[in-house]
Amino acid sequence: MTSMENETKLRRTHFTIQLRRENNEESFHKARRQMINTRDKIEVENSAVISEMFSQNMMRLKQAENIQELMAALISTRSLMSATNDVGQVPVREFLASGLLDPVMALARGDPSFPERDREVTQVEALWIVSNLVLCPVEFYPKLLALGLLEMIDETLGSDDPNILKHSLWIISNLVVEDASIFAAFVKRETLARAVRAIGQFMDYFIIVKSAARMLSNVSRVRDFLPPELEKKFVSLAFEIIRKYKDLEIMSEALWTVNFFIDRQDDYNWRVEYVGSFNMESYLIEFLSSARTDINRPAVRILGFLSLAEAKISTKILTPTFFSLLPSLLNCESPSFLTDVLWIVTNLVLTDELSHNSLFDDIYLEPIMRIITRPYVQNQSESAVFALTSFIVFASKEDLKVLINDYGVIEVIFRQLNRPDVSKDYIEKCLSFLLSILRFENANGECGVKAHFLSSQIAMNIQSIGFENHDKIKELIDNISVELGSA
């Protein structure tokens, strides 16, 4: 491997590091079915109205004399909470002050004084209420914890009722993004490991998988406390969900779970290898064409990391579907998505996996040059110049002449150096490109690089670039001057 290839690979490493039985869902008590209309979202605009509605529901809960009245009050309270929760209008203080939290928590753990069927249906509704309460400000968590919230979660994770398990997973999902200490307690109590085992037993139940996918994604977002073996189980479950279910919302959560797992700057190598062992590249490539950014974005990021891997993994990306999609992917409008597509192309070039004979086809060069010349978008523009630089490692003299003569690449790059809105990193990448083509010519013979520098007075003007006092930029400028002076 040449020093130029080594240097480019080192830059690439530095650059790339910086970047879910539905048939049981309605199997509730007759009283619950009688209240089916209360599932509709309640439109509330006035806080006084909300407060009055909650007061009425809390009074009904206190005065319930039989299971039917209790169920009606639970469902009405839960429906109101679910409807108002999105706008943060759940009157937590009033609910806690009412003294109803204790009996609701007892119901959520399964009241042993009730017959089994009544116990199950009241438990489901009470758990639903608790899942809304855990979205309250963390200042109220001590009260919930004192009433055995964590113990209740552990108990309900062992239920064989999918509706109970569903709400237990929702409570975990809501809690982990709110309080790091509770997250740590889940790990210490092995609650998350217990949840993974429970999910595995109910993979045929859509309502469980939907809750599970969200829990996996939320936990993975705040992953710092997760043991590696538990992280692996999360990824395994996520891929099983992707294979089994075509629901877009579920797939999105599962994809983000994998993305959060693999996107770790400190130890991504073993993570990339582990994700690659599932042979999911064909699924991920198909997701690239999705119109939903919550599908295509995590998919392209995962593929970006896989493209960094050894040939046994990275070559699996190079499918006919990938090549058929690539031209349209390079012409997409989303800056962040396009940045990741360029990242994949660059990584595959630098791992010597992408066909060198096709690198200089118009389907690659035209969109990359278009990205460089349009208004500056930091990561996208930097990725385009970096991709172009990586191509030079495997270019022929004829390829470089095409870049210089047909695309005017030297003049284009120099214009970038004189733009007032670009970053220091972008300046570095543009200078690195110019240095790479000068070194190429000095190593392989004349192909018009120096001639274009000199004839357009680029050599003279190169010293006028801003950031001259930055050590890396100064070094690049000095190296360009040295290469220009070489015979």
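Please read these numbers as outputs of a predicted model, since none were measured by experiment.
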Checklist entry - Can you find a pair of side-chain heavy atoms, one from Phe114 and one from Leu70, that are under 4.5 Å apart? => result yes
Checklist entry - Which heavy atom in Gly304 sits nearest to a heavy atom in Asn347, and how many Å separate them? => result O-ND2, 3.3 Å
Item to check | No-hydrogen, no-angle side-chain donor-acceptor test under 3.5 Å, Ser383 and Trp343 | outcome: no
Checklist entry - Sequence neighbours excluded, which residues qualify as side-chain hydrogen bond (donor to acceptor under 3.5 Å, both in side chains) partners of Arg197? => result none
Checklist entry - Under the 3.5 angstrom rule, does the side chain of Ser236 hit a backbone N or O of Lys232 as a donor-acceptor pair? => result no
Item to check | Lys210 charged N/C atom sitting above Trp170 aromatic ring, 6.0 Å / 45° | outcome: no
Item to check | Between Thr339 and Asn379: side-chain donor-acceptor atoms closer than 3.5 Å | outcome: no
Item to check | Approximate separation, where rounding is to 0.5 Å, of Asp340 CG and Phe305 CZ | outcome: 9.0 Å
Next on the checklist: Please determine whether side chain to side chain donor-acceptor pair (under 3.5 Å) holds for the pair Asp154 and Thr191, giving the CA-CA distance in whole Å, both sets of side-chain angles, and the decisive distance to 0.1 Å.
Outcome noted: CA-CA 6 Å; Asp154 288 341; Thr191 301; 2.8 Å; yes
Checklist entry - Any donor and acceptor pair, going by atom type alone, linking the side chain of Ser159 with main-chain N or O of Glu155 inside 3.5 Å? => result no
Checklist entry - How many angstroms lie between OG in Ser181 and NZ in Lys188, if you round to the nearest 0.5 Å? => result 12.0 Å
Item to check | Closest contact, heavy atoms only, Ile317 versus Phe322 | outcome: O-CB, 3.2 Å
Checklist entry - Taking the side chain as C-beta and beyond, is there a heavy-atom pair between Asp294 and Met251 under 4.5 Å? => result no
Next on the checklist: I want to know whether Trp270 and Phe261 have ring centres closer than 6.0 Å.
Outcome noted: yes
Checklist outcome for this item: Checking Ile171, Ile164, Leu169 against Thr156 for side-chain contact (heavy atoms from CB on, under 4.5 Å), the one that qualifies is Ile164
Item to check | Contact summary for Ser217 and Trp256, nearest pair of heavy atoms | outcome: OG-CB, 3.9 Å
Checklist outcome for this item: One should read off an interatomic distance between Leu255 CG and Ile295 CD1, to the nearest 0.5 angstrom, of 5.5 Å
Checklist entry - Hey, are the side chains of Leu329 and Val300 touching, using non-hydrogen atoms and a 4.5 Å cut-off? => result no
Next on the checklist: Strictly distance-based, threshold 3.5 Å: is any side-chain N or O of Ser390 a donor or acceptor partner for the main-chain N or O of Ala387?
Outcome noted: yes
Checklist entry - Is the side chain of Ser76 donor-acceptor paired with the backbone N or O of Ala72 at a distance under 3.5 Å, no angle test? => result no
Next on the checklist: I'd like to know whether Arg243 forms a salt bridge (charged side-chain N to carboxylate O under 4.0 Å, His left out) with Glu240, so could you lay out the CA-CA distance, the side-chain angles of the two residues, the decisive distance to 0.1 Å, and finally the verdict.
Outcome noted: CA-CA 5 Å; Arg243 286 191 176 102; Glu240 187 176 352; over 6 Å; no
Checklist entry - What's the verdict on side chain to side chain contact (heavy atoms under 4.5 Å, CB included) for Arg117 and Val121, showing C-alpha distance, side-chain angles and the deciding distance? => result CA-CA 6 Å; Arg117 187 58 186 155; Val121 293; 3.9 Å; yes
Checklist entry - Between the side chain of Gln123 and the main-chain N/O of Leu107, is any donor-acceptor distance below 3.5 Å? => result no
Item to check | side-chain hydrogen bond (donor to acceptor under 3.5 Å, both in side chains) contacts touching residues 272-286 (sequence neighbours left out) | outcome: Asn279-Lys316
Next on the checklist: Restricting to non-hydrogen atoms, name the atom on Pro375 and the atom on Ser381 that form the minimum distance, rounded to 0.1 Å.
Outcome noted: O-OG, 4.4 Å
Next on the checklist: Using every non-hydrogen atom in the two residues, find where Leu157 and Ala198 come nearest and quote the distance to one decimal.
Outcome noted: O-CB, 3.5 Å
Checklist entry - What's the shortest heavy-atom distance between Ala213 and Thr257, and which atoms? => result O-OG1, 4.2 Å
Item to check | Leu147/Lys143 under side chain to side chain contact (heavy atoms under 4.5 Å, CB included): CA gap, chis, key distance, verdict | outcome: CA-CA 6 Å; Leu147 289 173; Lys143 179 66 172 175; 4.2 Å; yes
Next on the checklist: Let's go through Asn174 and Arg214 carefully: what are the C-alpha distance in whole Å and the side-chain angles of both, what is the deciding distance for side chain to side chain contact (heavy atoms under 4.5 Å, CB included) to 0.1 Å, and is it a yes or a no?
Outcome noted: CA-CA 9 Å; Asn174 291 342; Arg214 183 174 183 271; 2.9 Å; yes
Checklist entry - Nearest 0.5 Å, what's the CD1-CG distance between Ile242 and Leu237? => result 11.0 Å
Checklist entry - Going through the checks in order, is the side chain to side chain contact (heavy atoms under 4.5 Å, CB included) test met by Leu388 and Met369? => result CA-CA 9 Å; Leu388 202 59; Met369 291 300 296; 3.9 Å; yes
Item to check | Side chains of Leu150 and Ile182 in contact at under 4.5 Å (non-hydrogen atoms) | outcome: yes
Item to check | Val341 side chain reached by Leu326 side chain, heavy atoms, under 4.5 Å | outcome: yes
Next on the checklist: If I take atom CZ from residue Arg189 and atom CZ from residue Arg194, how far apart are they, to the nearest 0.5 angstrom?
Outcome noted: 7.5 Å
Next on the checklist: So, using salt bridge (charged side-chain N to carboxylate O under 4.0 Å, His left out) as the criterion, who are the partners of Lys244 when residues are at least two apart?
Outcome noted: Asp204
Checklist entry - Just how far is it from atom CG of Asn296 to atom OG of Ser252, taken to the nearest 0.5 Å? => result 10.0 Å
Item to check | Any side-chain heavy-atom pair of Ile241 and Glu253 under 4.5 Å | outcome: no
Next on the checklist: I'd like to know whether CD of Glu190 has more than 12 heavy-atom contacts from other residues, nucleotides or ligands below 6.0 angstrom.
Outcome noted: no
Next on the checklist: If we count only N and O atoms by modelled type, under 3.5 Å, do the side chains of Asp111 and Ser113 hold a donor and an acceptor together?
Outcome noted: yes
Next on the checklist: So that I can tick it off, tell me whether Arg119 and Glu116 are bridged by a salt bridge, with the cut-off set at under 4.0 angstrom between side-chain N and carboxylate O.
Outcome noted: no
Checklist entry - Under the criterion side chain to side chain donor-acceptor pair (under 3.5 Å), which of Gln416, Arg419, Gln378, Glu382 is the partner of Tyr426? => result Gln416
